[in-house]
Number of protein chains: 2
Amino acid sequence: MSLINNPSGGALTTGRDGDVVHADSDLHGAVGRHLARHDYRYTAGRRRLVDTMADAGKPVTLPDIISASPDLSPSSVYRNLDVLERSGVVDRITTRGDHAFFEFAEPLLSHHHHLICIDCGIVKDFCLDDEVEKRVDRGLLEAAGEAGFTPLRHNVDLHGYCPDCK
Amino acid sequence: MSLINNPSGGALTTGRDGDVVHADSDLHGAVGRHLARHDYRYTAGRRRLVDTMADAGKPVTLPDIISASPDLSPSSVYRNLDVLERSGVVDRITTRGDHAFFEFAEPLLSHHHHLICIDCGIVKDFCLDDEVEKRVDRGLLEAAGEAGFTPLRHNVDLHGYCPDCK
DNA sequence: ACTATATTGAGAGTGAGTCTCATAAACAAT
DNA sequence: ATTGTTTATGAGACTCACTCTCAATATAGT
């Protein structure tokens, strides 16, 4: 298992609760706790999936996962990505490309956003500075309240062309 | 044809170019200009589609369009939504729901963002104030430059539960 | 009107993701 | 350890949003 994806380039060191995963700390422990909270088992196949995603260090699609770990069964991977998403371990990123992307959710991964290529759909992570984040948060909470929405998280995505599709 | 969707509640009155559509001005003229710029024809079917979307006044899915205008052919509507998207008339919003949502693109519609229900996928528009927008823009341009991305537009989406799915 | 080009519509086709179900693994309690 | 109970697995069938095909039709230019 390698380092978890971290767009800011430094080690993951902060967070508001005890489940933030530090560069060399116990990812599996944190994932297991999330799963247990939702009455799911942390099986060997799910560990393999988590390891594969951690090794990738960036948002991945199903083909990415299968080509990195060909012994995993596609139907089980889809089912387990769903379980991990329900447990708050993984976020699904839906783009115009053929496949959805998956990456570790906060607070397993520090807060960040996405550059999305509108041609090939590839996703790359980046961070905004704290000042901007706070202002966005305040604006979003206000808007959500007015519309009767219960806010869970925000996405700030930039759509454009990646270096390859330019 | 009714008013175009406008999350801020007031009339659409500003914009950086001449194609911004005011509440009572010529939507079809602006759409026709966009299509012509891309060597597409503004046919009767495309007008019907544009009218249907304008009448809805909010992001719509293909079933929304067909149930509002049952004489439109689904395959043509899909094809024409694609043409309108390529021409910059329409934006596609991909969510976890079964269907993609479509709405008028900027600058036909004033700048705004989306509340997206993570359960049913429904999309609602809202605005952020100008100060926040400017800061977000600056942060995104910087991030895009570092990653070699060519920025086109940004999306600030809030994901949560809509009043019905709460 | 005539020609060249773009669009239409009905239905066939595609493919990412989901569902089924028989088998296997994980947990609990004795 | 053994048994019983619940949950997970995997192969493949299946769904269905969306795209493609192609003959018929509408549009624009001359």
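Naming convention: chains lettered A, B, ... in sequence-line order (proteins, then strands); numbering from 1 in each chain.
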Which pairs of donor and acceptor atoms, one on a side chain in residues 158-165 of chain A, lie under 3.5 Å apart (sequence neighbours left out)?
| from | atom 1 | to | atom 2 | distance (Å) |
| --- | --- | --- | --- | --- |
| A:H159 | NE2 | B:N155 | ND2 | 3.2 |

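- Straight-line distance from the CG atom of A:D39 to the C1' atom of D:dA8: 14 Å, rounded to whole Å.
- Within the nucleic acid shown, B:R46 comes within 4.0 Å of sugar-phosphate atoms alone, with no base atom in reach, counting heavy atoms only.
- First and last contacts of DNA chain C with chain B, using any nucleotide atom under 4.0 Å from a protein heavy atom and ordered 5' to 3', fall at C:dT5 to C:dG11.
- The overall bend of the helix from C:dA1-D:dT30 to C:dT30-D:dA1, read as the angle between its terminal helix axes built from five base pairs each, is 50° when rounded to 10 degrees.
- Not counting sequence neighbours, the partners of A:Y42 by the ring pair (Phe, Tyr, Trp, His ring centres under 6.0 Å) test are A:H28.
- The salt bridge (Lys or Arg N to Asp or Glu O under 4.0 Å) search around A:D91 returns A:R153, not counting sequence neighbours.
- Atom CG of A:D98 and atom P of D:dC18 are 13 Å apart (whole Å).
- Here the shortest heavy-atom pairing between A:L128 and A:V132 reads CD1-CG1, 4.1 Å.
- A:F102 and B:I118 end up in different hydrophobic clusters when Ile, Leu, Val, Met, Phe, Trp and Tyr side chains are linked at under 4.5 Å.
- A:D82 meets the side-chain contact (heavy atoms from CB on, under 4.5 Å) test with A:E85, A:R86, A:R92, B:R96; sequence neighbours excluded.
- In summary, the side chains of A:D137 and A:H154 do present a donor paired with an acceptor at a separation below 3.5 Å, with no hydrogens or angles considered.
- With sequence neighbours left out, the side-chain contact (heavy atoms from CB on, under 4.5 Å) criterion links A:T52 to A:I65, A:A68, A:S69, A:L72.
- Nucleic acid contact for A:D82: none, since no nucleic acid atom lies under 4.0 Å from a heavy atom of the residue.
- Legend: residues meeting salt bridge (Lys or Arg N to Asp or Glu O under 4.0 Å) with B:D71, ordered by chain and number and at least two apart, are B:R48.
- Of the residues in residues 61-78 of chain B, those lying under 4.0 Å from DNA chain D by heavy-atom distance are B:S75, B:Y78.
- Closest of all the heavy-atom pairs between A:H112 and A:E106 is N-OE2, 4.0 Å.
- Using a 4.5 Å cut-off between side-chain heavy atoms of Ile, Leu, Val, Met, Phe, Trp and Tyr, A:F101 falls into a hydrophobic cluster with A:I93, A:I116, A:V123.
- For A:E142 and A:R138, the salt-bridge test fails: no basic side-chain N is under 4.0 Å from an acidic carboxylate O.
- Under the salt bridge (Lys or Arg N to Asp or Glu O under 4.0 Å) criterion, B:E146 pairs with no residue at all, not counting sequence neighbours.
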request  = Heavy atoms under 4.0 Å is the rule here; annotate nucleotides 23-28 of chain D 5' to 3' with B where the base is hit, S where only the sugar-phosphate is, and - elsewhere.
outcome  = ---BBS

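- The CZ atom of B:R92 sits 15 Å away from the P atom of D:dA17 (whole-angstrom rounding).
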